[in-house]
Each structure stands twice: as structure tokens, then as C-alpha cells.
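This report concerns only the one structure given below.
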Amino acid sequence: RMFDVVVLLVILANTVLLCMNEPTQSAMDRDNAEMLSLAFVIVFNVEAVLKLIAHMRAYFKDPWNLLDFVTVIGSDVGVVVGIVTNGEGILAQILRGFRVLRVLRMARYVKFLRIMLAALSRILPGLLNVTALLALMIFIYSIVGVGLFGTVADGGSLGEDANFHSFGMAAMTLLRAATGEKWHEMMYDLVVDRPGCTRREQNVAELERDGPLGCGTILSYPFFVSFEVMTCIVVANLIIAVVISGFSHVREQDSLIMFHRQVAMLLKEWRRYDESWTGFLDLEAAVSILISIPPPVGFQGSKRKHVLHRMRMLRLHQETKVHIRDVMMICAQRSYLWMREEPEMDTETVHFDNEVLLAWIGAFPEVPYLDIYAENCVLIAHVIIAAHVMRFVKKKRTEWRIKKLERQAEIEREEREMEEAKRRPVSHLSIDTGDDTGGFPRPRDTGAGVGLDLGAEEAADDRPKTAEPLPPELQQWDPKMAAAPSVLVTQLTTPNEYEMPQLSPLPWPPILTPSRR
């Protein structure tokens, strides 16, 4: 590889040297350029000799080696002829053209140049066919043009360089018109009548003596319009179609070559894991191999979960093993989509030719082939779905376990609070059920417990003794008349005016609910 890099640098330096050549170059600069060019020729000769020694006869089987060899031989002949003739003469100038071929050697190392040259060699036969069609059209239209405009007088754009007086000049005129250069002016000039023109047919003697003096004809319009349509539109589109077809074919061939190389890499790595060559490998080992191979065959640069998702239609054997037969089918489908620049996820939409599929399956008779939609066919997609379900169930179980623990902790906390509340003294509390309470139980703080002793006056009932008893339907406990001589009143919660208050957090065994009389 280092040798190729050095050769590429020498080719680039030779290209720069060719760009520096100009007619106004001084004698010293010209001599220095010749010395550098000779040094480059020596390097190219050394490269060719080393490759011949290394490859022997196989050297000439590579088209790029043939191009290199022809370039080197032409450069050597050019150097010898330049020394003998002192750089003068037509032969020496022609042989200098081999220096330009050295630039084409870069195509061996630059991919897009290699594709372009391969496409050029591919489209040459098609271009020759289109060129032959164009020549046939010019031939036909030249004959028709001489018959229609052979005696039309010159003038305007028509003259010695453009006319239809002979077949040769008519062909040259139509070739010029095929490029689109002023064809409409010639069409108009063949329609107009020149001063002194005649509509009488001239004989040979008059043509030789006076030259063509015929008047114009309106047939010039359909003649030139049809010719331009056939050449500039039809033939030009044919040329474009041939070029595009050639490039597409070369790209497909380049992709196929790359596919074969990657398949060879896949088989080599598979053989390294499967030494007995049974064709079966664990799914994890197969994924590791595919991640090490570049696309379209492999998944180099992708994560494991992405590889499994893209190969979800791959069949599984013995629960965790895959076979090389099925892996190669998936890789072929992905490569087909990759070459067509379609999404690689739609491998199930790619169908093999029946004969090819039967031949490929028949190469592995010991491996059962099941349709992917069969009930007993297990795919990687099934494993992926099962893994997602298991993760979901595990997540939900974890959430349920956490909620259960939280609920259990809350129950334990409540129990502890109940136990702590039972151990608190409650001798300062009493319940009044006398006539002054209307017959309803009412909590009363004597001030002997946790309440603050605010005095006997505050401990007494604040409600007037002469108050009229409430009607039976309103005989509920009135919180506004309740005696609360301590801070215990802050611990009373009253949902509404006519409900029994509840003590919190102090225990109140039990919570009494008043009933109507």
C-alpha cells in the first residue's frame, strides 16, 4: 500500500510539471523540466519492472497494468527519439503526447476517475452506433439538399463555406447546422429571392458560366426544421441515453465487484468461527462477523440492536443458531436494495428468481427451508418481539413491587403512629352528656393533661344557662358553644357545623357520630 501511495504522489508531481510547460518558458526552466520528466520516466520504469517480477504473466491480465505498460513504453520511445532528434521534428512532438497518458494512471487509485474511464470504454460501441445513425441522416439530407437547393444563389449566410452546390459542401453545411450554429439564418436565406435570380432551370453550361442564380424556395422551412428535430433532439437524446446507460452499467459492475469482495470476506470470517464448516453459527457470532464487514453485505459502524432489527426476517435454527444459506440470502436482498438506492429495511419485498432460489436451497439439502410465514418458522423478529415483551413485563413488575413496598411502608408508618398515640395520657379528657349539651356527647378538657390551664373561668361552659333548648330537628352539637379551655381546641377538626368533631392526632376511642332524637 505504501508503494502505491508513492507512485500516486509521483503521478501527481508529473501532472503539476505538465501544467508548468508553456511556450515562453526560459531555456533553463525547460532543461530543468526535461530532467524532472526523465526522473519520472525512470521511476515509472522501475515500477513496471518490479510489478513484472512480482506478477510475471498475470501482470498483463489486468487492464490497468496494460495501460501503465503502454504509457511507460511510449515515454521511453519518446525520450530516445528526443535525444536523437534533439527534440525537433513531428515524431518527437507526437511522442510527447504519451506524457499526457501518465495522468490517466491516477484513475487506478481514484475511484471516480476509474468509473468514468470504465464508463467511457463501455459507451464507445453505443456512441459509434449513434454516430453512424447521425452520419446516415446527414448523408440522406445532403442528397435531398443538393436536389432542392443546388442552384439557389448565394447570399447572406450562404457562400463558399456554406452551400448546397455539391454533396461534400452540403454534408459540411448540415454538419455545421447539426451543432446549432446559425442554421435558422441559412434557412431564411434559402427562402428569399436574390436580385437577378431566375426561376428557370439552369443548364450545365449556364451554371459553369454564371454560377447558381436560382431563387429561393419555401421548402427550406420543413427541410431544416425536420433536420434539426432529428439531429439536435432525437440524436442528442440518444447520445445522452447511451451515456447514462453506460454509467449505470459501470456502477452496477463496480457494485457487483465490491459485493463479491465482501462476500469473500464474509465467508473467510465465517470459516474462522466455523472450522468444521457446518454452516451453523450462534447468532451473537454471526452478528459480530457482520459488524466487521462494510455495507452493503455487512453492517460496519452499526450497533447490535440495529443489526438485529435489519435482519429481523432471518430464520433461526435450534433456537439460537443461524445458517450461512439464510445469511447470504439476506445480504443479497440488502445489496440489491442498496444498489437501487432503496430503503434497506424492505428486504422482504425482494424476491429471488425461482430457478436461482431452488438451486441455492438445493446446495444445502440437510438444512430445512421454511417459509417465513409458516407457523413453526422462528425468525429474529420473534426474538425481538419477545425481548420487548419481557422488558415491558419486567418494568411493570418493578413498578408494582415499588408500589407494594411503598404501600407496606405506609401501613407500617400508620401502625407505628397508632402505637405511639395509644401510649399518650388521656386522663385530661372527658365526655359530657348532661342536659347542658342537649343529650349529645361532647369532648371536654379538664386541663389536667396536655392542655394549658387557663383558669376556672375559661374552663367553665360559655353558653348561657338560660338558653332555650334547641328543637328536636336541630338538636346537634354546636361547636361554637363547646368548652375548650386549652390549646386542644386547635386539634379539633369540624367538617361542618352539625357534625361531631374528630380529635387528631390524639386518639379518640371511638369516633362518635351523633344521631337525631
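Note that the numbering runs from 1 along the sequence shown for the chain. Scope of the values below: all heavy atoms of this structure, side chains included, with no hydrogens, waters or symmetry mates.
- More than 12 heavy-atom neighbours from other residues, nucleotides or ligands sit within 6.0 angstrom of CZ on Arg312.
- Heavy-atom neighbours of Met172 CE from other residues, nucleotides or ligands within 6.0 Å: at or below the threshold of 12.
- Residues Asp326 and His317 have side chains in contact (heavy-atom distance under 4.5 Å, counting atoms from C-beta outward).
- When all heavy atoms are compared, the tightest approach of Met329 to Phe352 is O-CZ, 3.5 Å.
- For the pair Arg325 and Trp360, the cation does not sit on the ring face, since its NZ or CZ is not both under 6.0 Å from the ring centre and inside 45° of the axis.
- For Phe69, the CZ atom counts as loosely surrounded, since its 6.0 Å shell holds 12 or fewer non-hydrogen atoms of other residues, nucleotides or ligands.
- A heavy-atom distance below 4.5 Å is found between the side chains of Leu379 and His382.
- A side-chain donor from one of Ser226 and Tyr141 sits under 3.5 Å from a side-chain acceptor of the other.
- Partner His323 forms a side-chain contact (heavy atoms from CB on, under 4.5 Å) with one of Leu281, Leu314, Val367, Leu316 and no other, that one being Val367.
- Note on Arg272 versus Glu269: salt bridge recorded, some NZ/NE/NH1/NH2 to OD/OE distance being below 4.0 Å.
- Residue Leu136 qualifies as enclosed at atom CG: its count of foreign heavy atoms under 6.0 Å is above 12.
- Side chains of Phe44 and Ser75 form no contact here, defined as non-hydrogen atoms less than 4.5 Å apart.
- Between Arg416 and Glu420, no side-chain nitrogen of the basic residue sits less than 4.0 Å from a carboxylate oxygen of the acidic one, so the salt-bridge criterion is not met.
- Aromatic pair Tyr369/Phe364: ring centres not closer than 6.0 Å.
- For the pair Arg334 and Phe299, the cation-pi test (distance below 6.0 Å, angle within 45°) is passed.
- Arg413 CZ: more than 12 foreign heavy atoms inside a 6.0 Å radius.
- Under a cut-off of 6.0 angstrom, the local environment of CD in Glu355 is sparse, with at most 12 non-hydrogen atoms contributed by other residues, nucleotides or ligands.
- Taking all atoms of both residues into account, the shortest heavy-atom contact from Met311 to Leu290 is SD-CD1, 3.1 Å.
- A distance of 6.0 Å or more separates the ring centres of His184 and Phe224.
- The closest donor-acceptor contact from the side chain of Gln262 to the backbone of Val297 lies under 3.5 Å.
- Leu148 has its side chain out of reach of Phe164: every pair of non-hydrogen atoms, C-beta onward, lies at least 4.5 Å apart.
- Within a 6.0 Å radius of CD in Glu275, other residues, nucleotides and ligands contribute 12 heavy atoms or fewer.
- Within a 6.0 Å radius of CG in Asp353, other residues, nucleotides and ligands contribute more than 12 heavy atoms.
- Listed here is the closest heavy atom pair of Arg310 and Ser302: NH1-OG, 3.8 Å.
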